[in-house]
> 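My questions will all concern the structure given below.
Letters A, B, ... are given to chains in the order of the sequence lines, protein chains preceding strands, and every chain is numbered from 1.
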Amino acid sequence: MNAEILNKLNDKQQEACRKTEGPLLILAGAGSGKTRTLTYRIAHMIRNCGISPYHILAVTFTNKAAREMKERVVDLVGEDANRALISTFHSFGLRLLRLYAVKLGYGANFTIYDTDDQKRAVKSILKSMHSVNKALTEGMLVSAISRLKEEGTSPESYNEGYARFDENEQLIGDVYVRYNRILKENNAMDFSDILLNTWKILQYKEVLEKARDKFRYIMVDEYQDTNKIQYDIIHLVAEKYRNICVVGDENQSIYGFRGANIRNILDFERDYPDAVVVKLEENYRSTPVILEAANHVIRNNTSSKDKTLWTRKKSGAQISLFACEDGREEVGRILDEVLKGKQEGKKYRDFTVLYRTNAQSRLFEEGCLRNNIPYKVFGGMQFYQRAEIKDLLAWLSVINNTSDNINFLRIINVPKRKIGEKTIEKITEYREAKGISLYTAVGECDAIGGLSQGVREKLRELFALLRQMIALSEELPVSKLFDELLSRIRFRDYVLDNYDDGEGRLENVDELYNSIIELERVIETMSLREYLENVSLVSATDDLNEEKDYLKLMTIHNAKGLEFPVVFVCGMEEEIFPGKKAAFSLSDLEEERRLCYVAITRAEEKLYLSWAKMRYLYGELSWRTRSRFLGEIPESILDLEEKTAGLPEEKTGENRWQTGRTESRNVAETAGNSGYAPAFRKAITAADLNRAAGDFPYAVGDKVMHKKFGLGVVRDISSRKVEIDFVDGTKEIALVVADKFLQKI
DNA sequence: TAACCTATCTTTTTT
DNA sequence: AGATAGGTTA
């Protein structure tokens, strides 16, 4: 390797690499080789500029991205590159916290709480508060608290600033305070705490000085998706040497709901007036047709740095648009394309289905099973969230950190040992009075009043077992400890006895065991704590395997940063994509549009878009309208595939997109003999249709008079109910009773 | 205590 | 439709 290391890059990319000193903003469009540029930049710094990898920090969005970047830099400049720290924000923070969390009053073996654990904590708080507020769910409280933490609002300042005036805000403030106290007691941090405490630890001068001295060259990938606290962390560390390079694309900012602040990237030049800005606009990924679609869609957004993707590639295939009758047909046509492609010599792994929400994966999974198409769903109900897996991890968590009451509560009766709610209440009362952990309290169960002899015996057994496991955890590797645990609590029997699909769940347990073995191969002498840390921070696509031949199914969010030869974006319907909640605010709508931009630009060769005129949503049949985003793509690059036999497609004007009740009737009548794969023959039966239409004689837009609510306008009709806008709000009325209350006017 | 039944809600998106 | 919470019963 030599000075020609940068030869493989284009001029702009080289410019970005050569500018190693001072602030640098790389505006990198989708597929413009930004990861490649960052990789070469690091290699160039190490190889050509004499910068020690020890001084380099690169922050990526996922562990997988970090791993890949590291591997590629090592390929370029050798093993020495391993001394550079390339990691996600959360891993970076944990690295510091492992050393310094004690300063903040945590034990070094603190536990990381995921969203599920957070909800359990909030639930217990609400219970102890005897809160009557039903408006806020645990989930809402958890996300409110996370948001506050990640925008740097402490419970104190929140309560001073807002909470006095509003019942809900008051509850949020109260829960926020208690929640923090409880996590601290449990020696636990949630995801937001990892970032917030990293920032707190950097307030110690000696820590900050060390960090600044070590990380003299900082790079941040996906900068458009950083939030306030991440921004503060990075700029705090970067302040001294000011060698900060951020890479991002404001058009791909899709994590606003998590507090990501698009302004971070838009304002970089304000933060660093001497910043050099490099734009990467040449796209190496997609065909011109795909880029044209992407450019047209994103043009409808207001906040955007001026940037247009272009490519040297020759024009590719048109974008196929499937207007399907229902969700099943959509699956059928997409899987038909996959099977056709497979016959033509493509691999399953060349195809990826993208959707807006996880719930949409189910139809595709069923379809794949029927057609023997190997597939893998990324994200969604994650492996580590399955009950049997979380139970085992809860055991390990308690063994690692006995202060962790949330996880102790989870396992106190798993496997079932007749310890019920009443018993738990008594122990809790005792432990709260004495200010001790659940674990310690169980150890003192003989001192707790009102427990039966049998229950005491069970508690003593449990405590003895845990004590033994804790002792073992100090000697045995995690895999051996895990094995021991399984046999001592007879977990396999428990799973087989308690779940209908026990066999399948046991496979998950085995998979967990295998993953431990695999990790132990990578991390030598992995401690229990290290293991738990590792499983807490895995992200959805971390185990994406490019070699294995399966169809990939994932949300658009999960597809960020990835690319695939053939992409299907399904469910392109109003209220799905853009989502229902985005209808009310321009900024939400624009985030949905950026999401659409991300989806389109994942495709290298061929893009399919699809929507269904009706589908089951929330278990009920509803009529759909196509996504507005489809209308933002020029018709000249769209291929409106000829529909199957017997279903003439209207092809005139806007009407083509409209779906009416009449048209839907046609669907049901002709359903049985459409031309697509037999397995996907029309699922909608005449019975469905009747149920759907009922005898309700109104249509959307009709004015009606209600006996009680007065004048209203029909907003939506579905198989079971009609939605009507009245003066004092929207009401839902069941179809079966509608004609008793309504009159058409 | 645990199993069973019913009523209610869910769909954003994730480290 | 599927998951889950809550209430009722064995």
> Would you kindly compare Leu617(A) and Thr88(A) by the position of their nearest DNA chain B nucleotide and give the one closer to the 5′ end?
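Its nucleotide being nearer the 5' end, the pick is Leu617(A).
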
> Starting at CD1 of Ile556(A) and ending at C1' of dT11(B), how long is that distance when rounded to a whole Å?
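In whole Å, dT11(B) C1' lies 14 Å from Ile556(A) CD1.
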
> Mind checking what makes side-chain contact (heavy atoms from CB on, under 4.5 Å) contact with Arg67(A), not counting sequence neighbours?
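Listed in chain order: Lys64(A), Glu71(A).
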
> Atom NZ of Lys127(A) and atom P of dA5(C): how far apart are they, to the nearest Å?
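Distance check: Lys127(A) NZ to dA5(C) P gives 13 Å.
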
> What integer distance in Å separates Phe577(A):CZ from dT11(B):P?
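Those two atoms, CZ and P, are 19 Å apart.
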
> Compare the ring of Tyr618(A) with the six-membered ring in the base of dT11(B) and state whether they stack (centres under 5.5 Å, planes under 30°).
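Taking the rule of under 5.5 Å and under 30°, the ring of Tyr618(A) does stack on dT11(B).
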
> Rounded to whole Å, please give me the gap between CG in Asp116(A) and P in dT14(B).
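Rounded to whole Å, this separation is 16 Å.
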
> Measure from the side chain of Tyr255(A), starting at C-beta and using heavy atoms only, and say which of dT15(B), dT14(B), dG2(C) lies closest.
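Looking only at heavy atoms from C-beta outward on Tyr255(A), the closest nucleotide is dT14(B).
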
> Can you name the ring-ring contact (aromatic ring centres under 6.0 Å, His included) partners of Phe568(A), sequence neighbours left out?
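Here the qualifying residues are Tyr608(A).
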
> Distance check needed: dT10(B) C1' versus Asn358(A) CG, whole Å only.
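So the CG-C1' distance, Asn358(A) to dT10(B), works out to 13 Å.
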
> Just the table, please: protein N/O against nucleotides 1-6 of chain B N/O, every pair under 3.5 Å.
residue	atom	partner	partner atom	Å
dT1(B)	OP1	Gly420(A)	N	2.6
dT1(B)	OP1	Thr423(A)	OG1	3.3
dA2(B)	OP2	Asn413(A)	ND2	3.3

> Kindly write out the residues that satisfy ring-ring contact (aromatic ring centres under 6.0 Å, His included) with Tyr113(A), not counting sequence neighbours, or none if the list is empty.
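ring-ring contact (aromatic ring centres under 6.0 Å, His included) list for Tyr113(A), sorted by chain: empty.
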
> Ion pair present between Arg120(A) and Glu138(A), side-chain N to carboxylate O less than 4.0 angstrom?
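No, Arg120(A) and Glu138(A) are not salt-bridged.
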
> Give me the distance, rounded to whole Å, that separates dT4(C) from dT13(B) when you measure between the P atoms they each carry.
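Between the two P atoms, the distance is 14 Å.
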
> Considering just the side-chain nitrogens and oxygens of Asn63(A), establish if one lies under 4.0 Å of OP1 or OP2 belonging to dT15(B).
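Checking dT15(B) against Asn63(A), no side-chain N or O comes under 4.0 Å of OP1 or OP2.
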
> Judged by each residue's nearest nucleotide on DNA chain B, which is more toward the 5′ side, Thr137(A) or Thr357(A)?
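Of the two residues, Thr137(A) wins.
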
> ring-ring contact (aromatic ring centres under 6.0 Å, His included) with Phe629(A): which residues, sequence neighbours excluded?
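Counting only residues at least two positions away or on another chain, Phe629(A) forms a ring-ring contact (aromatic ring centres under 6.0 Å, His included) with Phe577(A).
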
> Quickly work out the Asn534(A) CG to dT15(B) C1' distance and round it to whole Å.
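Distance, rounded to whole Å: 14 Å.
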
> Would Lys552(A) count as a cation-pi partner of Tyr375(A), with NZ or CZ less than 6.0 Å from the six-membered ring centre and within 45° of the ring normal?
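No, Lys552(A) does not lie over the aromatic ring of Tyr375(A).
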
> Report yes if at least one side-chain N or O of Thr555(A) is closer than 4.0 Å to OP1 or OP2 of dT14(B); otherwise report no.
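Yes, because at least one side-chain N or O of Thr555(A) sits under 4.0 Å from OP1 or OP2 of dT14(B).
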
> Listed by chain and number, what are the ring-ring contact (aromatic ring centres under 6.0 Å, His included) partners of Phe89(A), not counting sequence neighbours?
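Result, ring-ring contact (aromatic ring centres under 6.0 Å, His included) vs Phe89(A): none returned.
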
> Let me know the distance between NE2 of His557(A) and P of dT11(B), rounded to the nearest Å.
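Rounded to the whole Å, the gap is 15 Å.
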
> Using whole Å, what does the distance between atom C1' of nucleotide dT10(B) and atom CZ of Arg362(A) come to?
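One finds 13 Å between C1' of dT10(B) and CZ of Arg362(A), rounded.
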
> Counting only side-chain heavy atoms from C-beta out, which of dT13(B), dT10(B), dT15(B) sits nearest to Phe257(A)?
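The nucleotide sitting nearest to the side chain is dT13(B).
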
